[in-house]
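Notes for the one structure printed next.
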Amino acid sequence: MPMKFKFADPQLNFLVGINALILLIATVLSHGGFIDIYNFQSMASQLPELGLLAIGVALAMISGNGGIDLSGVGLANLAGVVAASVVPQLVVADTSPWLYTGLFVLVALGVGLAGGFLNGWLIARVGLTPILCTLGSQLIFTGLAVVLTNGSSLRISSVDPMSAIGNEMLFGVPIPFIIFMLLLVGIGWLLRYSPFGIRLFLLGTNAKAARYAGIPGERMLIATYTLCGLLAGVAGVIIAARTASVKADYGSSYLLIAILIAVMAGVRPQGGYGRMVCLFFSAMALQLLSSTFNLLDISNFFRDCAWGLLLLCFLASARINLKDFHPFSSRNSAPLNQSPPGKTPNL
C-alpha cells in the first residue's frame, strides 16, 4: 500500500504560506531591500510587545466560558507606570543601575501578577463574564495610570542594564525577541505536556466534564488569568526599556492586533484549542504585513481598518463550512439508504 503524506495541521501550513507570500511580495516591491538583516532585526525588536499580549489573549480564550482578556494593554502600561513612579523613590539609577533595573522588573511583574489575579478572582469566584470583567479592569488600569502620570508620559532612567532589555542584541538577535521566544516555548510546553495544560484544554472544551473529572475550575481560571497578567507585566517592562518612557495610553491599537493574532493562529473563541507555534507565525505574518505597510507609506488609520477587517474575516471564516455551498450537497438531505420519516425500516 503506497504511503500517503499529509500535513498534520492545516492552520500551521496556512500561516507559513501567508508568511512566505507576504515576504515575497514585500521583497519584490522593495527590489530586495526588505530582506536586509537590519530590517529583520527591527521587526524582531517590535514583535515581542504584541506577541506577549497575544499569548495572554490566547490563554484566556483556551480556558473557555467565553474567556478573553481585554485588559492586557492597560495592565502592561500600568505595570510600567507604577515601576517608573515607585523605583526612583527607593534607589538612585545612576548609583546602582543593576539594582534599579532589578527592582523595576520586580515591581512591574508584581503589578502584572496582581492585576491578572484580580481578573481571575472576579471571573472565577464572583462569576463575572470574562469580556465585561476584563473590559472594566482595562478601564481601571488605564485610569490608575492616568492618575499617576497626570496624563503625560514619564521618562525612565536609561541606565545600561535597563536599556539592554529593550534595545541590545545577543548574537545578533534582539534581547526582547529572545525573552518572547523563551516565554512562548515555555508556555507551549506547559500547554502540551504539563497537567495544567491538559486540564486547561479539557476545561475549555467541556467545563461540565472537567468538573466531573475533578478539575478545580475556579483555581484553573485564577491561575490562567494570573499568568496572563504576568505576561502583561513582562510586556510592560519591554515597552518601558525600549522606549525609555511609560505612558497610560501607549499602544491604543494593540488590543485589536493581539486578538487578531490569536484568532489568526486558530485559537478557538469558544475554548479548548490553541497552539503556540501557530501563534508565533500569526504574529510574524502581521509584523511582516505592518512592515510592508511602512514600505508602501500607508497611513496608520488604514492599518487599523485593515486589522479590524481581517479580524472579522477570520471570525466569519471559522463559522463557515464550505460543504454547505457545494451544489450537490445538503445538510438536511438524508442518506440514500435511510427510510423516509414515519416508515419503519426493513429489518
Side-chain angles (χ1 to χ4, degrees), residues 46-61 63 66-87 104-124 126 128-154 156 166 176 180 183 221-222 224-243 245-263 283 300 304 307-308 311:
Q46 298 171 35
L47 178 66
E49 300 168 13
L50 283 169
L52 290 168
L53 296 174
I55 295 175
V57 171
L59 288 173
M61 290 171 66
S63 69
I68 193 169
D69 187 0
L70 303 180
S71 66
V73 181
L75 185 54
N77 290 333
L78 178 62
V81 166
V82 171
S85 302
V86 171
V87 175
F104 191 101
V105 172
L106 288 176
V107 171
L109 296 184
V111 172
L113 285 170
F117 178 83
L118 175 64
N119 282 334
W121 184 81
L122 290 174
I123 292 169
V126 182
L128 299 186
T129 304
I131 188 171
L132 297 178
C133 175
T134 55
L135 177 61
S137 60
Q138 158 82 352
L139 297 175
I140 292 174
F141 298 151
T142 302
L144 288 174
V146 170
V147 169
L148 290 173
T149 61
N150 293 319
S152 60
S153 61
L154 291 180
I156 66 171
F180 166 64
L183 289 171
L221 287 175
I222 292 175
T224 300
Y225 281 91
T226 302
L227 182 56
C228 295
L230 177 63
L231 292 169
V234 177
V237 172
I238 292 177
I239 291 170
R242 193 171 71 86
T243 63
S245 65
V246 291
K247 194 176 181 181
D249 59 350
Y250 179 87
S252 57
S253 64
Y254 276 14
L255 175 59
L256 171 63
I257 302 174
I259 296 174
L260 176 57
I261 290 172
V263 172
N300 287 331
D304 291 342
W307 303 146
L311 178 59

Distance in Å, [X] [atom1] paired with [Y] [atom2], rounded so as to fall on 0.5 Å steps:
X: Leu183; Y: Leu227; atom1: CG; atom2: CG; value: 9.0 Å
X: Leu59; Y: Thr226; atom1: CG; atom2: OG1; value: 11.5 Å
X: Phe180; Y: Leu52; atom1: CZ; atom2: CG; value: 6.0 Å
X: Leu75; Y: Ile140; atom1: CG; atom2: CD1; value: 11.5 Å
X: Asn77; Y: Ser252; atom1: CG; atom2: OG; value: 10.0 Å
X: Ser137; Y: Leu132; atom1: OG; atom2: CG; value: 10.5 Å

Do [X] and [Y] have side chains that approach each other closer than 4.5 Å (heavy atoms only, starting at C-beta)?
X: Pro130; Y: Tyr225; result: yes
X: Ile68; Y: Val57; result: yes
X: Ser71; Y: Asn119; result: yes
X: Leu255; Y: Leu70; result: yes

Provide the full list of side-chain hydrogen bond (donor to acceptor under 3.5 Å, both in side chains) pairs with a residue in residues 227-237, sequence neighbours left out, each pair given once.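 Every pair satisfying side-chain hydrogen bond (donor to acceptor under 3.5 Å, both in side chains) with a residue in residues 227-237: there are none.
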Looking at every non-hydrogen atom in both residues, tell me the closest pair between [X] and [Y] and how far apart they are.
X: Asp69; Y: Ala60; value: N-CB, 3.7 Å
X: Ala124; Y: Leu221; value: CB-CB, 3.9 Å
X: Ala54; Y: Ala262; value: O-CB, 4.3 Å
X: Asp249; Y: Lys247; value: OD1-CE, 3.0 Å
X: Val246; Y: Ala240; value: CG1-CB, 3.6 Å
X: Ile261; Y: Ala283; value: CG2-N, 3.8 Å

Would you find more than 12 non-hydrogen atoms of other residues, nucleotides or ligands less than 6.0 Å from Leu144 atom CG?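 Enclosed.
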Thr129 side chain to Ile131 main-chain N or O, any donor-acceptor pair under 3.5 Å?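 No, the answer is negative, given that no donor and acceptor are paired below the 3.5 Å cut-off.
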Tell me whether Thr142 contacts the main-chain N or O of Leu139 through its side chain, where contact means a donor paired with an acceptor under 3.5 Å.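 Absent.
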